[in-house]
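Dropping a structure here in structure tokens format, bear with me for questions.
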Amino acid sequence: MSKGTFYITTPIYYPSSKLHIGHTYTTVAADAMARFKRATGYDVKFLTGTDEHGQKLQRAAQERGMEPKAYIDEIVEGIKKLWKTMEISYDIFIRTTDDYHKRRVQQIFQKLYDKGDIYKGEYEGWYCTPCEAFWTETQVEDNKCPDCGRPVELTKEEAYFFRLSKYQDALLKHFENHPEFLEPLSRKNEMINNFLKPGLEDLCISRTTFSWGIPVPFDEKHVIYVWLDALSNYATALGFPEEMEGDYRKYWPADIHLVGKEIVRFHTIIWPAMLMALEAPLPKKVFGHGWILLEGGKMSKSKGNVVDPVILTERYGVDALKYFLLREYSFGQDGIFSNEVLLNRINADLANDLGNLVSRTVAMIDKYNGGIVPAPTIAGDFDEELKNLAVSVSAKLEEKMNKLDFSNALDEIWKLVRRTNKYIDETAPWILAKDGEQKGRLDTVLYNLAESIRIISVLIRPFMEATTKKIWMQLGMDEHQGTTWEDSASFGKLPTGLKVRKAEALFPRIDIAKELEELESLSKPKTVEVKEEEKAVEEKPEITIDDFAKVDLKVGEIVECKKHPKADKLLILQVKIGKETRQIVSGIAKYFESEELVGKKVVVVANLKPVKLRGEESKGMILAAESGEELVLLTADIDSGAQVS
RNA sequence: GGCGGCGUAGCUUAGUUGGCUAGAGCGUCCGGUUCAUACCCGGAAGGUCGGUGGUUCGAGUCCACUCGCCGCUACCA
């Protein structure tokens with residue numbers, strides 16, 4: 001009976017801040033896919049969850065004087081509540097703090113260690129102590145940390161490494177032999193050219209600098225870092241490697257890992273390499289979808305429009321938001337969100353087209369046939385065209401869905417919605433109703449309308465469960481009357497004699513101008529919250545006045561400025577501080593033309609240890625303040641050389 | 001700088017291996033209709049398919065160059 005299994009996953013989300021529309025987007029898409037596969041006869045497993053370890057969460061909990069787990073529990077409750085609101089039909093919600101996951105991650109670690117694919121860092125690596133970061137031979141220039149410019153050293157600091165480099169060729173081959181492995185296709189070259197071809201470095205997979213994580217099984221000083229801990233969730237959730245005969249055998253390898261484009265790299269290089277090392281099959285497909293951006297770029301506080309999915313569902317309903325997200329945007333590409341785009345889409349497709357179609361059909365059955373769905377008797381013009389289209393939609397829908405083309409999948413359904421509306425105009429039931437002789441024809445038209453709506457209701461079900469149920473209620477039908485996916489491909493499954501029920505509009509039409517104003521006023525208090533949240537995260541540890549006194553801040557005048565010949569983001573400045581003129585390299589080329597800086601008096605960190613930045617010496621650093629896309633230099637209208645304190 | 005992608009009607013976009021009279025939705029204008037959530041249906045206007053040159057009987061589709069965006073990557077003390 002089952003066509004086979006289908007295992008789909010979302011990323012596990014990091015619960016350090018409130019989830020936004022982007023997380024909802026991924027999860028809603030995965031949910032629609034899962035529901036679609038269930039409807040079409042697959043045995044589906046749908047996994048989502050949370051990634052709960054790491055320094056950031058440990059700190060956040062500390063700041064609130066809480067145990068990490070207790071702190072995270074609260075946030076995770078919120079996430080689960082959000083998914084409940086969005087009617088997400090996940091089968092498993094994994095938390096990386098779940099005992100079974102921790103145990104299995106340790107088993108994986110042990111396995112890889114035993115095999116020799118994990119080794120302790122006696123590795124000739126370069127370590128930058130202040131940055132707590134390891135660097136590779138190629139990254140280190142002149143014994144300097146590429147991140148901070150300070151000297152690095154060959155360290156004896158212990159760390160465990162995964163032999164990522166060993167799998168480079170196998171990965172390349174896999175990309176070549178499995179064009180469907182990574183979609184959209186454009187990402188594939190990015191991975192191959194930027195990572196695989198230049199060569200992979202072994203990956204540091206343990207930390208000793210914080211403790212909130214899964215301990216390395218045989219070396220408790222170390223906790224397992226995010227790569228192994230988080231990525232492996234897709235397999236540990238099924239039992240791997242502890243319980244290989246249950247869900248793991250049944251559902252692995254995953255059919256689709258749905259991820260945002262920013263984490264494609266981890267899912268198509270690191271995760272597959274780990275699986276290769278474990279001798280486990282690779283996921284069949286990783287799909288990196290685009291981002292939903294706000295007008296003018298990323299989510300920005302100054303724009304004042306932070307998108308909160310909960311508010312939107314409260315105002316327009318879950319189904320409207322889900323429909324909008326999947327219909328409006330091409331799944332592989334970025335798209336722009338605005339309230340206006342949302343409201344226009346809801347009005348046009350849901351209120352005017354679908355909602356109104358149901359409304360007018362039910363009203364006509366009510367008015368012309370006492371609310372009873374009549375039996376069709378006399379066929380006429382336009383019937384065949386409507387029927388042919390109606391029964392053909394499900395196949396086209398399947399084709400689009402299997403390509404994760406949600407937008408066009410929905411559009412296929414709406415072609416039928418529009419065709420059905422047109423059928424009403426063509427047959428003009430209100431004219432037939434005036435002529436008693438035409439009763440048979442009228443009955444047929446009314447039946448065909450109700451039947452088309454029945455088909456539509458089945459087709460939209462994976463995307464809009466609640467709406468489907470509402471339509472059934474209005475048609476007076478129950479879930480045993482032509483509601484399977486197969487039933488959507490045949491015309492005439494709707495029983496006659498049903499008693500329709502007029503009800504509230506499926507999607508009330510929105511007064512867009514008025515609504516936009518209200519949303520505008522709603523978004524303002526939100527803005528402040530977000531700002532405060534961000535601030536909290538970025539706070540640095542307290543220092544004393546002595547610490548601060550070590551920094552020598554002076555005013556310097558920019559006397560000359562040019563672009564760095566070998567770097568896009570760097571400017572080379574000649575800065576006069578008192579009598580001395582020195583060269584400072586600064587990463588502000590994105591923000592300023594070189595000419596406009598000459599003559600400016602800026603604040604300089606004068607006693608910073610000199611470094612070479614892509615071959616150019618830099619003695620000091622220019623202070624600037626950055627917020628989102630904006631950057632301003634700290635200027636001081638006073639003689640150059642003046643001390644700042 | 002390296003690698004990759006994208007530029008098609010006012011907006012969002014479809015155009016698989018070259019045959020298109022370049023489609024669609026929204027918006028605009030005109031008309032029809034009254035069953036319906038002032039909705040729906042029809043029609044029209046609007047495109048030198050970023051630019052230049054080439055290959056070809058024929059190019060939005062292939063090639064070269066060029067302009068403009070974007071992504072990843074290196075460099076932002």
Side-chain angles (χ1 to χ4, degrees), chain A residues 130-131 138-139 141 144-150 184-195 197-198 261-262 264-265 288 290-291 293 327-330 332-336 340-341 344-345 347-368 405 407-408 411 414-415 417-433 445-446 449 502 504-511 564-571 584-591 604-605 608-616 618-624 626 631:
Chain A
C131 294
T138 49
Q139 286 171 309
E141 240 180 279
K144 299 271 165 55
C145 168
D147 202 22
C148 70
R150 286 172 287 208
L185 209 68
S186 56
R187 304 261 155 228
K188 182 177 146 185
N189 291 328
E190 217 166 275
M191 292 305 129
I192 293 177
N193 292 324
N194 284 328
F195 302 106
K197 291 239 169 100
K261 63 180 185 179
E262 74 282 6
V264 161
R265 174 178 161 192
W291 288 343
L293 304 167
R327 174 66 247 265
E328 184 69 29
Y329 303 105
S330 181
Q333 289 169 266
D334 291 352
I336 292 174
E340 199 177 347
V341 170
N344 280 332
R345 181 59 78 178
N347 263 359
D349 293 5
L350 297 177
N352 296 348
D353 285 356
L354 177 60
N356 187 48
L357 171 63
V358 173
S359 170
R360 63 202 298 215
T361 300
V362 170
M364 284 192 285
I365 292 173
D366 199 53
K367 202 163 176 177
Y368 303 141
D405 186 353
S407 181
N408 284 311
D411 190 53
W414 256 255
K415 280 179 186 158
V417 172
R418 286 191 287 267
R419 185 64 191 81
T420 311
N421 269 321
K422 186 173 172 180
Y423 179 76
I424 297 179
D425 264 58
E426 290 165 338
T427 55
W430 51 93
I431 292 173
L432 298 173
V445 167
L446 293 180
L449 287 173
K502 278 176 126 175
E504 277 180 16
L506 251 27
F507 300 95
R509 194 175 157 76
I510 300 163
D511 181 338
H564 190 126
K566 283 197 238 160
D568 290 352
K569 293 184 188 169
L570 302 181
L571 290 181
I584 296 178
V585 180
S586 182
I588 53 174
K590 205 166 83 179
Y591 303 97
V604 175
V605 181
L608 201 66
K609 190 170 177 173
V611 286
K612 266 193 186 171
L613 293 172
R614 271 194 110 67
E616 287 290 340
S618 180
K619 294 167 78 174
M621 151 180 175
I622 307 264
L623 296 188
E626 188 179 17
L631 184 131

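In the text below, chain A, chain B and the rest are named by the order of the sequence lines, each starting its count at 1. Everything numeric here is computed off the predicted structure, so don't read it as measured data.
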Donor-acceptor contact present, side-chain A:N347 to main-chain A:R509, <3.5 Å: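 Between the backbone of A:R509 and the side chain of A:N347 there is no qualifying donor-acceptor contact (under 3.5 Å).
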
Is a donor on one side and an acceptor on the other found under 3.5 Å between the side chain of A:D366 and the backbone of A:V362?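 It does not hold such a pair.
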
Which part of the nucleic acid, if any, lies within reach of A:D353 when heavy atoms closer than 4.0 Å are counted: base, sugar-phosphate only, or nothing?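 The residue A:D353 makes sugar-phosphate contact but no base contact.
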
Check the distance between B:U12's C1' and A:D349's CG and give it to me in whole angstrom.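 A:D349 atom CG is separated from B:U12 atom C1' by 12 Å.
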
Taking only the side-chain heavy atoms of A:R360 (C-beta and beyond), determine which of B:U37, B:C40, B:G25 contains the nearest atom. B:C40

How is A:S586 classified with respect to the nucleic acid when contacts are heavy atoms under 4.0 Å: base, sugar-phosphate, or nothing? sugar-phosphate

What distance, rounded to whole Å, do you find between the two P atoms, one in B:C6 and one in B:U13?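 Taking atom P in both B:C6 and B:U13, they lie 14 Å apart.
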
What does A:L506 touch in the nucleic acid at a heavy-atom separation under 4.0 angstrom: a base, only the sugar-phosphate, or nothing?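 Since a base atom lies under 4.0 Å of A:L506, the category is base.
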
What's the gap between B:U61 and B:G15 when it is taken at their C1' atoms, as a whole Å value?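 Looking at atom C1' only, B:U61 and B:G15 are 9 Å apart.
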
Does the side chain of A:I365 come within less than 4.5 Å of A:L449's, by heavy atoms? no

Looking at B:A64, which nucleotide sits across from it as a Watson-Crick or G-U wobble partner, both distances under 3.5 angstrom, or is there none? B:U52

Nucleotide opposite B:C72 in a Watson-Crick or G-U pair, distances under 3.5 Å: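 With both distances under 3.5 Å, B:C72 matches B:G2.
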
Value in whole Å for how far the C1' atom of B:A36 lies from CG of A:L449: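 It works out to 12 Å between those atoms.
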
Are the side chain of A:T427 and the backbone of A:Y423 linked by a donor-acceptor contact shorter than 3.5 Å?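 Judged by distance alone, yes, a pair lies under 3.5 Å.
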
A:K422 side-chain N/O to B:G42 phosphate OP1/OP2 under 4.0 Å: yes

Tell me what A:A363 touches on the nucleic acid: a base, only sugar-phosphate, or nothing, going by heavy atoms under 4.0 Å. sugar-phosphate

Options B:C72, B:C40, B:G25, nucleotide nearest the side-chain atoms of A:N421: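 Closest nucleotide to the A:N421 side chain: B:C40.
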
note: A:R327, atom CZ; B:A14, atom P; distance rounded to Å ~ 11 Å

Side chains of A:I424 and A:P429 in contact at under 4.5 Å (non-hydrogen atoms): yes

Nearest-Å distance once atom P is located in both B:A24 and B:A44: 10 Å

So, do A:W430 and A:K367 sit near enough that their side-chain heavy atoms are less than 4.5 Å apart? no

So do the side chains of A:V445 and A:M364 get within less than 4.5 Å of each other, counting heavy atoms only? no

Counting any heavy atom closer than 4.0 Å, what does A:F195 reach on the DNA or RNA strands: base, sugar-phosphate only, or nothing?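 A:F195: backbone/sugar contact only, no base atoms under 4.0 Å.
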
Whole-Å C1' distance, B:C49 and B:C3: 27 Å

Does B:C11 have a Watson-Crick or wobble mate here (both distances under 3.5 Å), and if so which one?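 Its partner is B:G25 (Watson-Crick or G-U wobble, both distances under 3.5 Å).
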
Atom P, compared across B:A64 and B:G4: separation rounded to whole Å: 12 Å

Whole-Å P distance, B:C41 and B:C26: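 The answer is 8 Å between these two P atoms.
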
State, yes or no, whether a side-chain contact exists between A:I584 and A:V604 at a heavy-atom distance under 4.5 Å. yes

Checking contacts here: which listed nucleotide (B:C26, B:C40, B:U37) is nearest the side-chain heavy atoms of A:A348? B:C26

Please tell me which of the listed nucleotides, B:C35, B:G71, B:C41, lies nearest to the side chain of A:R418? B:C41

Just call it for A:P429: base, sugar-phosphate, or nothing, with non-hydrogen atoms closer than 4.0 Å on any strand.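 Contact class for A:P429: none.
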
Nearest heavy atom decides the nucleotide; on that basis, is A:I431 or A:P508 closer to the 5' end of RNA chain B?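 On the 5' side of the pair lies A:I431.
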
It should be established whether A:R509 places a side-chain nitrogen or oxygen under 4.0 Å from OP1 or OP2 of nucleotide B:A36.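 A:R509 to B:A36 OP1/OP2: no side-chain N or O under 4.0 Å.
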
What is the distance, rounded to the nearest whole Å, between atom CE of A:M191 and atom P of B:G5? 14 Å

Using a heavy-atom cut-off of 4.0 Å across all strands, would you classify A:N352 as base, sugar-phosphate, or nothing? sugar-phosphate

From B:U33, B:C72, B:C41, nucleotide with atom closest to A:D425 side chain: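 Ranking B:U33, B:C72, B:C41 by closest atom to the A:D425 side chain puts B:C41 first.
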
Given B:G25, B:C72, B:U33, the nucleotide with the shortest approach to the side chain of A:R345: B:G25

Sugar-phosphate only, base, or nothing, as touched by A:V358 at under 4.0 Å among non-hydrogen atoms: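 Contact class for A:V358: none.
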
Check the distance between B:C72's P and A:K261's NZ and give it to me in whole angstrom.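 My rounded result for the distance is 6 Å.
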
A:I510 CD1 to B:C26 P, straight-line distance once rounded to whole Å: 16 Å

Please report, rounded to the nearest Å, how far the P atom of B:G25 is from the NZ atom of A:K415. 10 Å

Applying a 3.5 Å limit to both distances, which nucleotide forms a Watson-Crick or G-U wobble pair with B:U16?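 The base-pairing partner of B:U16, which may sit in any strand shown, does not exist here.
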
Proximal nucleotide (of B:A36, B:A14, B:G71) relative to the A:R187 side chain: B:G71

Has A:Y329 got a side-chain atom pairing as donor or acceptor with A:S407's backbone, closer than 3.5 angstrom?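 Here the side-chain-to-backbone pair does not exist.
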
Relative to the 5' end of RNA chain B, which residue comes earlier, A:S618 or A:V417, by the nucleotide with the nearest heavy atom?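 Per heavy-atom nearest nucleotide, the more 5' residue is A:V417.
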
Sticking with atom C1', work out how far B:U8 lies from B:U48, rounded to a whole angstrom.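 Between the two C1' atoms, the distance is 12 Å.
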
Starting at atom CH2 of A:W430, determine the distance to atom C1' of B:G32, rounded to an integer number of angstrom. 10 Å

What does B:G42 pair with, Watson-Crick or G-U, if both distances are under 3.5 Å?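 B:C30 is the nucleotide pairing with B:G42.
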
When you compare B:G46 with B:C30, how far apart are their C1' atoms, in angstrom units rounded to a whole number? 15 Å

Which nucleotide in the set B:G71, B:U33, B:A36 lies at the smallest distance from any side-chain heavy atom of A:E190? B:G71

